[in-house]
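To start, the structure itself, in structure tokens.
Sequence lines set the chain letters: A, B, ... in the order given, protein chains first and strands last, and positions in each chain run from 1.
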Amino acid sequence: MTEITVTIQDGEKETFAAGTTATDALRALVSNKQRKQTVAVLYNGTPVDLSCPLQEDGILAPITLKSEQGLEILRHSTAHAMAQAVKELYGEDVKVAIGPAIEDGFYYDFDRDTPFTPEDFAAIEAKMAEIAKSRQPVERLEMSRDEAIAFFSEKGEPYKVELLEDMDEERVSLYRQGAFVDLCRGPHIPDTSWLKVFKMLRVAGSYWRGDEHRQMLTRLYGTAFTDKKELKKYLNRLEEAKKRDHRKLGKQLGLFTISDEIGPGLILWKPRGSMLRKLIEDYWKDEHYRHDYQLLYTPHIARQDLWKTSGHLDFYGENMYSAMDIDEVQYQLKPMNCPFHIEVYNSNKHSYRELPIRWCELGTVYRYERTGALHGLMRVRGFTQDDAHIFCRPDQLEDEIFNIIDLNLHILKTFGFDQYDVYLSTRPEKYVGSDEHWDLSTEALKRAMDKKGLAYEIDPGEGVFYGPKIDIKIKDQLGRSWQCSTIQVDFNLPERFEMSYTGEDGAGHQPIMIHRALMGSLERFIGILIEHYAGSFPLWMAPEQARILNITDDQAEYCLDIYAQLRKAGVRIDKDLRNEKLNYKIREAQLMKAPYMLIIGDREKADGTVTVRKKNGENLPPMTPQAFADMVEKECAEAMAV
RNA sequence: GCCCACGUAACUCAGUGGUAGAGUACCUCCUUGGUAAGGAGGAAGUCACCGGUUCAAGUCCGGUCGUGGGCUCCA
């Protein structure tokens, strides 16, 4: 009999007969306590089941439920159990498609004539609990691909057959628990008793293989955890996200509204939302001025010919609003700002000495989005890009990219985002421009990021056809990521619009164009800010910085004086002089997330002061209105100078 | 666009075939109260819209529009 040596990470090793299972090896090598938590193992780096017979020397690493990987296995197994429950309950009219573990849970796609509804959850969960209780072994079967195809054809599972037909592997693995057999790479839990804490969450439609021309399936989402507390924590997090939902807060705080009368995906900013937006826009403009940009304003609409020249009609036409006929000339709403900036550039000749030219605009664009895609402020049909276009010489590219990244991170930080993931997308299969240009600019992007000390991942082949790009995804307070910033090099438009500058040699040269947006869309960015801050904005962004509350009518006149004085001093101040109790007014101001309340009673009136209550309930010593204005100004200046 | 769910007062929601409800907000009156809801009264809805079934429809059926969860796409 052959012997093998199994080593665990801390170096301990043991010799076994070949074919010893991972479980038996673990029994000899790790503590009972750890073994009970072990759901599968990594053997020489490959994840395998506990029941896997070890055939060669190797390094054994337990995968415990405490690890990401262990949890993923548990969730994947829970998906199988859910499919098993569904098959047992609804039998032959259900065909199974795919069921992977995903972030925070799992799903399984089914094909059934009458789709599932949330009312089916209780029955399915009960059946899953039964399956868990009956401790059914989860057994791995290996067979040839052809055998598997025959097996699933016979079972009447066309989706599994299709998956198998598209596979390259000659041998495949199946997992069986009870009468349920699924095509799966594994590994899985050893038996169904490992399923303890799980919950079905929602149902949704999804296309087979994400292709809208194919069968619509019903997707059941669920999640699983190792203990009840974790599940509860997760459900609380969902609650928290719900509380922060910008659509809900937008309504509560009176920031924006969307009206059927106007149309879906079109935002109406209410006074408080408009103030918030103005503050963001002012900050953005000031910061761009400081960084040597020039501001442009361009129209919302242009002749169709422009969109032919730019290529948008060909490449982006489906997302553009239909043309309108004006004096027999076709016009279309702009989906992007770039051609306008190019036309500004082309309105006169340029020398190499002028470059780089940096033009920025808060440009409102309109794009047709399918109704199903619309979502609050996050996905709309009319939105404002914080756009900029930089026209430069090849030798300036790297510095320009560096400066853009620098400004980008600076602005994001001021808004409270200092965690992000950065991606560099390189040349795709279909592209325009020379290889030399692509290499030059891809290298420039890399060097600029290195110089900034920015860690990034490369997305090979994910660049746009016209040039490589950098995308920055920010992380919000709840750890969710949002792609906002994008920096794209473009070799296409300068060519199409025959842009040029006169070089040192007196000849015409083509400038390199960089498109970039930091916030992406103002609407969406504000949506993200609302959720990030849960509506409780930092002082510099708060639409209402302070609210004056009088205690009785006797101080009303004094309050009006202070109100006028603070408005003149530039404080965003409101007043609540209604005949209500102080508690009542404090509660309302608190719900509207006013950073400060100025409480005015007879004492303040007599002393010519205000009592400042912070939103955390803490009181500051009485101060004069001017001292308060100075304090607000100082606090804002500090926040904006990050 | 597709699948499922939902659409009742300004807001949050109850109402499963028989006279449209509650809380909050709003208006009036009383109350003038020092750090998260004082009291009383009043007004307010073409039950999203269009059509059908029924003696009778907020409720059942069909369509349209909108919203939500997803699929797809992306800022």
Identified pairing partner of [N], criterion: Watson-Crick or G-U wobble below 3.5 Å:
N	result
C71(B)	G1(B)
G58(B)	none
C11(B)	G23(B)
U16(B)	none
G33(B)	none
C6(B)	G66(B)
U28(B)	A40(B)

If you look at every strand shown and take non-hydrogen atoms under 4.0 Å, does K251(A) touch a base, only sugar-phosphate, or nothing?
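The answer is sugar-phosphate, as K251(A) gets under 4.0 Å only of primed atoms, P, OP1 or OP2.
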Mind checking if Q215(A) touches a base, just sugar-phosphate, or nothing, with heavy atoms under 4.0 Å?
nothing
Between the side chains of [Y] and [X], is the shortest nitrogen-to-carboxylate-oxygen separation below 4.0 Å, so that they form an ion pair?
X	Y	value
E462(A)	K469(A)	no
E239(A)	K243(A)	no
R247(A)	D245(A)	yes

Does R547(A) make a cation-pi contact with Y563(A), if we ask for NZ or CZ under 6.0 Å from the ring centre and within 45° of the axis?
no
Check whether NZ of the Lys or CZ of the Arg R214(A) lies under 6.0 Å from the centre of the six-membered ring of Y207(A) and within 45 degrees of that ring's axis.
no
Can you check the [X] [atom1] to [N] [atom2] distance for me, whole Å?
X	N	atom1	atom2	value
F121(A)	A5(B)	CZ	C1'	11 Å
L577(A)	G33(B)	CG	P	16 Å
D111(A)	C4(B)	CG	P	13 Å

How far, in whole Å, is [M] from [N] if one measures between their [atom1] atoms?
N	M	atom1	value
U53(B)	G17(B)	C1'	12 Å
C65(B)	U28(B)	P	43 Å
U8(B)	C49(B)	P	10 Å
A57(B)	A75(B)	C1'	45 Å
A9(B)	A43(B)	C1'	11 Å
U59(B)	G52(B)	P	14 Å
G63(B)	C26(B)	C1'	37 Å
C55(B)	U72(B)	P	49 Å

Quick one: [atom1] on [X] to [atom2] on [Y], what's the gap to the nearest 0.5 Å?
X	Y	atom1	atom2	value
Y558(A)	I600(A)	OH	CD1	5.5 Å
M592(A)	L253(A)	CE	CG	5.5 Å
I102(A)	H76(A)	CD1	NE2	12.0 Å

Between N or O atoms, less than 3.5 Å apart, protein on one side and nucleotides 24-29 of chain B on the other: list the pairs.
residue, atom, partner, partner atom, Å
A25(B), OP1, Y584(A), OH, 2.8
C26(B), OP1, R578(A), NH1, 3.4

Tell me which of P118(A) and R603(A) sits closer to the 5' end of RNA chain B, going by the nucleotide each one is nearest to.
P118(A)
For R587(A) and for D554(A), locate the closest nucleotide of RNA chain B by heavy-atom distance; then report the residue assigned to the nucleotide nearer the 5' terminus.
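Whichever sits nearer the 5' end wins; that is D554(A).
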When only distance counts, do a donor and an acceptor, one from the side chain of [X] and one from the base of [N], lie under 3.5 Å apart?
X	N	result
D553(A)	U32(B)	yes
N550(A)	G34(B)	no
Q555(A)	G34(B)	no

Output the single nucleotide from C3(B), U35(B), G1(B) whose closest atom is nearest the side chain of P115(A).
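The listed nucleotide nearest to P115(A)'s side chain is C3(B).
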Give a yes or no on whether the backbone of L268(A) and the side-chain of T257(A) come within a donor-acceptor separation of less than 3.5 Å.
no
I want to know whether Y108(A) and F106(A) have ring centres closer than 6.0 Å.
no
For H312(A) together with W307(A), are the ring centres under 6.0 Å from each other?
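Yes, the ring of W307(A) comes within the 6.0 Å limit of the ring of H312(A), centre to centre.
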Residues, nucleotides or ligands: over 12 heavy atoms within 6.0 Å of N616(A) CG:
yes
Going 5' to 3' along nucleotides 67-75 of chain B, which nucleotides have protein heavy atoms under 4.0 Å from the base (write B), which only from the sugar-phosphate (write S), and which from neither (write -)?
SSBBBBBBB
Ignoring backbone atoms, establish whether K581(A) has a side-chain N or O less than 4.0 Å from OP1 or OP2 of A36(B).
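It does not, given that no N or O in the side chain of K581(A) lies less than 4.0 Å from OP1 or OP2 of A36(B).
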Considering just the side-chain nitrogens and oxygens of R613(A), establish if one lies under 4.0 Å of OP1 or OP2 belonging to A36(B).
yes
